[in-house]
Every structure is written in C-alpha cells, then in structure tokens.
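The structure appears below as structure tokens.
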Amino acid sequence: MAANGEDLKTGNIGPGRYDVALVGLCAFLGLIPAWLNYDVISKDGAFQYIPMAKAFLGGSFRDTLLNSPQLPLFPLIMAAVTKATGLDLELSGRAISYFGYVLACMGMYQLSSLLFRNRAVSCLASLFIATNALLMKCSVDCLKESVFLCAIIGANILAVRGLSAAGRRWPWYLGAAASFGAGALLRSTALVFLCAWLILWVFHKSRGRYARAALLAAPVAAFYALWFFVPEFSLFRKSSYQLGGFFGSMHGMQDFFRSLGSVPLNFFDNGNPVLMFFAFYGLHRRGKDFYSCHVLLTLGIFSLILALWLFSSGRYYLAPVAWAYPLAAYGVLEAFSSRRRVYRAASAVAVLSCLVMWGYRSALPPEPDKVAWKEAGAWIREELGPGREVVSNQERLVYYAQGKPFPLSAYREGKGGGRVLAIDARKKAGAELDARMRALGYEPARRFRQVSVYLPDGLRY
C-alpha cells in the first residue's frame, strides 16, 4: 500500500448487501445453541452492569455517571432496552450481547472486503470471529464484549474507508473517531486502536512529521498531567481509567518479564492458536501496508499494556485478536492456494478447527453446579421474597435470590437473627460448615445438588 492509501481506491470496494445479510443470518442461527445452554450470569453482569442500569432506570443519571466506577454506555443501553421492552435487565443485557455478536460478524465481513476485496477472505474472517469460543460465551451472557467489538470494527471500517476515499476524507475520519469514542465508553483500550492510527499518520511521510508528532503528543501529555494533578477527577474514578491502580499492579521487573512472556501465549489461546499462526503467515505474505503496520503496532501496544496489567482477563485479548482475523483469513487462503500439500493441509485444519470449536461451544451443556446456584437463589426469592439477608459463599446465588449478601464468616452459632444460610459444599469452607450444621442436628430446607439452604426458623445465629 502506498503511504497515502492510494492502492485502496477502487470503483467498488464494498461487499454485496446480500452477502452481509447472509453472514448476519448465519451468525444469528449459529449462536442459538449456546444461548439455550446458558447457565448463570457473569459476576460483572450481576454486580457491575445491572446495578448501574437499575440506577439509570431509577432516574439517578448524574450521580451514577460521575460516581460509579463502571463506564456507562453498556448499562445505559441495557436500561434503554428494558424501558422499551419490559424485559428484565439480565435478559436485556444478554439480548444486546447477542445482537452485538451478529453485528460484529457482519462488520468483520465488510471490513475484510474493504481490506482484501476477496469474498473468500471475507467469509473466512467472519467464520473465525463467529467461532471464537470466548466471544461466543460472552455473547450469550450479560457482558459488553460483543458491543465493544462492534465499536472497534465499525471504527476501523470508517478509517479504512477514509484511506480509500477519492474525495473528502475527513467525514470518514470523524466518524471513526466518534466510534472509537463510543468504544472508550465501554473500555479504555479502544483508544489503543485510535492511537495506533494516529501514530501511522504521524510517520506516514517525513514532511511535517515533527508538527504532527507534537499535535499527537499534546493531548496525551494533557491527559497524564490531568491525572497527575487532579487524580480525583471523575474519569479517573472509573476502573478502566484508574491509572494509579493499573501501574500499581506491577511489583518489579521480574513480574513484568514473567507477565510479558505470558502475553503471546494468551493471544494465541484466546484467538485459536492455528488462526494466530496463519495471521502471522498472512502478515508475511501481504507485506508492509497500512493494515499490516496497524495490526503490528496495535499488538505491540496491547502486549505492553497487558504485560504491565497483571490482573487482565482473557476478554481483553478479543479486540486485537479480531483485528488480526482478516490477516489470518488471507493467510489461510494463501496456504490453500499453495502447491505444497502441507500448506493446503494446514489451511484445511485451520478451517476445521473453527467448525470443531463452534460445535464444542454450541453443544456444551449448562454447568450443573452453576444451575444449582440459580435454582437455589430463585427458590429463596419465591419462598421468602426479595430483600432477605443471605449468608452464602456464592455471590451469584444471592443475586438470583435478590437478597443482601453476607459471607459465611457472618454465621455465628447461638446468636439470633433472620438470615438465610445457603452453602455451596463444593468449596472447602462451605463443606466444613455444612458438615458442622449436620452435626448440630440441622437439616436443610432444600438441597440443590451441592447447595444446602437452611431457613432462619431452624437456625440460631
């Protein structure tokens, strides 16, 4: 690609609308089995997004926006869907994630078409993102991952459109910036993609480079100055922008190098190892251009961030992995076109691994022990009503009971009180307390697999 993106210009660089619609339909149908095998809500959904969405529904907008540690966009969408449809917040969050997954798959087809103008590459890239096991799991839960991917993919589509535009480019770039901004209201790592584009803009030609570098450095410096001098600013109270806590998780260079060594392994693990291998093969075959440079730069920045951040989840790898999928699709197609049998066989294994992963993830039944938490919590809510104090070693059980949580340490034999005791015996402390209750002559009111529920009337607290 020429430095100014001239080689992206073509008379028809977009995909057919029926192709995109077919990809969306396949994605929608393909996720149904995983939706039906859902067991319980994630901790983030239950204790971060739903409480914030409840606050929005209750009319507490300003206080929630300023003081909540969570970024607001996903809970805001949840609250809006619940208000418009009457669905409960958990189901609203799951439906949004499902819809986001379908849009992300459609966007991946369109993005790959813009980058490669090849239907086979676009289909493969859509297959790769649709069969990502972690994304499938997140997209039937009350999680924001698929919506975040929509923002990132959409922003990159607009950025590539800007590079290919024959006329005015600034509307495309402005749209890309707005989409990255929306992503930044879901997770701060959206800014990594924006910064990578801006770095390429700084260095794409030598003339005026220092002036462009100064323009890029000024807002970055202002941001860090604001954090340094005004750490109590509301933005820095958001968990995704708590720079002090972020840098404070590192304890010496030994931690850093150990974490840095694990980052590539996590990239390969969360993106499908075979596909990540083909992404680098595709990078080698494609050569140097804006897309390849941006992928490498993005992966490099993410590697540094995730190496410094010792407590990052596998979900944080999904965005850079998805950005590399068009390259992986191109690499698979190049290998399939090779005269070497081993290359063709490897490309077939890559596609087959996706289908196997989809089949495995789709057929994975609900985890019985987790279903027991939901059933026990729902039974407590139905029998005693919401708002009860529940002593338990499973937070999500208390969520389904709509109760007030207390740890097992809150149980005190011989002291009065009206708390429900719900023990998950799968954990050591729970098994010990359950055995002690039996030894004292107490019998649970109900058992749900490994969960024993003792009602207040038969207990002494």
Side-chain angles (χ1 to χ4, degrees), residues 29-50 87-98 100-101 130-146 266 269-272 311-318 353-382 390-403 405 407-408 420-435 444-454:
L29 296 176
L31 195 59
I32 288 176
W35 173 277
L36 296 176
N37 286 327
Y38 170 79
D39 40 45
V40 298
I41 192 171
S42 65
K43 288 185 178 180
D44 285 358
F47 304 111
Q48 294 181 16
Y49 309 138
I50 286 183
L87 299 174
D88 65 67
L89 285 169
E90 181 180 353
L91 188 54
S92 292
R94 293 184 63 207
I96 294 164
S97 294
Y98 198 116
Y101 168 88
T131 56
N132 182 286
L134 180 56
L135 180 60
M136 291 179 68
K137 180 180 179 181
C138 293
S139 298
V140 296
D141 203 341
C142 187
L143 289 169
K144 62 186 177 185
E145 309 314 315
S146 61
N266 288 328
D269 181 48
N270 289 289
N272 183 331
F311 309 114
S312 59
S313 164
R315 301 198 302 268
Y316 293 103
Y317 290 84
L318 281 176
S353 70
C354 294
L355 299 177
V356 170
M357 187 61 68
W358 171 83
Y360 169 76
R361 182 67 241 174
S362 297
L364 201 63
E367 191 172 329
D369 287 348
K370 291 184 177 181
V371 173
W373 306 342
K374 179 188 288 188
E375 293 175 344
W379 183 80
I380 292 170
R381 184 184 69 248
E382 292 168 0
V390 181
V391 177
S392 181
N393 55 347
Q394 286 296 352
E395 294 174 308
R396 281 176 281 183
L397 184 156
V398 184
Y399 163 78
Y400 284 108
Q402 295 181 13
L408 290 187
V420 179
L421 181 60
I423 306 172
D424 185 345
R426 192 176 59 173
K427 294 188 175 183
K428 182 179 178 181
E432 292 173 352
L433 180 57
D434 197 28
R446 283 289 302 272
R447 282 188 63 86
F448 301 86
R449 282 184 66 86
Q450 81 286 6
V451 177
S452 299
V453 180
Y454 298 87

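Note that these values count all heavy atoms, side chains included, but never hydrogens, waters or copies made by symmetry.
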Close side-chain approach of V391 to V420, heavy-atom, < 4.5 Å: no
Min side-chain heavy-atom separation Y317-L134 under 4.5 Å: no
Contact check, side chains of D434 and Y454, non-hydrogen atoms, under 4.5 Å: yes
Trace of the side chain to side chain contact (heavy atoms under 4.5 Å, CB included) decision for D141 with V40: CA-CA 8 Å; D141 203 341; V40 298; over 6 Å; no
Smallest separation among heavy atoms of L135 and S139, with atom names: O-OG, 2.7 Å
R361 side chain to T131 backbone, donor-acceptor under 3.5 Å: no
Main-chain N/O of S97 paired with S146 side-chain donor or acceptor, under 3.5 Å: yes
Pairwise distance CD1(I423) to OG(S392) - rounded to 0.5 angstrom: 8.5 Å
Stepwise side chain to side chain contact (heavy atoms under 4.5 Å, CB included) test for N272 and N132: CA-CA 7 Å; N272 183 331; N132 182 286; 6.0 Å; no
Heavy-atom check, side chain of L433 versus side chain of L421, under 4.5 Å: yes
Check: I32 main-chain N/O paired with Y98 side-chain donor or acceptor under 3.5 Å: yes
Donor-acceptor side-chain pairing of Y400 and Q394 below 3.5 angstrom: no
Spacing of K428 atom NZ and N393 atom CG [to the nearest 0.5 Å]: 14.0 Å
Least distance between heavy atoms, A376 atom then V451 atom: CB-CG1, 3.8 Å
Expected output: side-chain N270 to main-chain N266 donor-acceptor under 3.5 Å: yes
Pairwise side-chain contact, Y49 with L89, heavy-atom cut-off 4.5 Å (strictly under): no
Sub-4.5 Å side-chain heavy-atom contact between R396 and F47: yes
Least distance between heavy atoms, G403 atom then P405 atom: O-CD, 3.7 Å
R315 side-chain N/O to K144 backbone N/O, donor-acceptor pair under 3.5 Å: no
From I96 atom CD1 to L143 atom CG, the distance as rounded to the nearest 0.5 Å: 12.0 Å
Rounded distance (nearest 0.5 Å) linking atom CD of E90 with atom CD1 of I41: 4.0 Å
Quiz: residues 362-373 side-chain donor-acceptor pairs under 3.5 angstrom, not counting sequence neighbours:
{"from": "S362", "atom 1": "OG", "to": "W358", "atom 2": "O", "distance (Å)": "2.8"}
{"from": "S362", "atom 1": "OG", "to": "W358", "atom 2": "NE1", "distance (Å)": "3.2"}
{"from": "D369", "atom 1": "OD1", "to": "R449", "atom 2": "NE", "distance (Å)": "3.0"}
{"from": "D369", "atom 1": "OD1", "to": "R449", "atom 2": "NH2", "distance (Å)": "3.3"}
{"from": "D369", "atom 1": "OD2", "to": "R426", "atom 2": "NH1", "distance (Å)": "3.1"}
{"from": "W373", "atom 1": "NE1", "to": "D369", "atom 2": "O", "distance (Å)": "3.3"}
{"from": "W373", "atom 1": "NE1", "to": "D424", "atom 2": "OD2", "distance (Å)": "3.0"}

Test item: R447 side-chain N/O and S452 main-chain N/O as donor-acceptor pair under 3.5 Å: no
Residues Y101, M136; criterion side chain to side chain contact (heavy atoms under 4.5 Å, CB included); working and verdict: CA-CA 8 Å; Y101 168 88; M136 291 179 68; 4.2 Å; yes
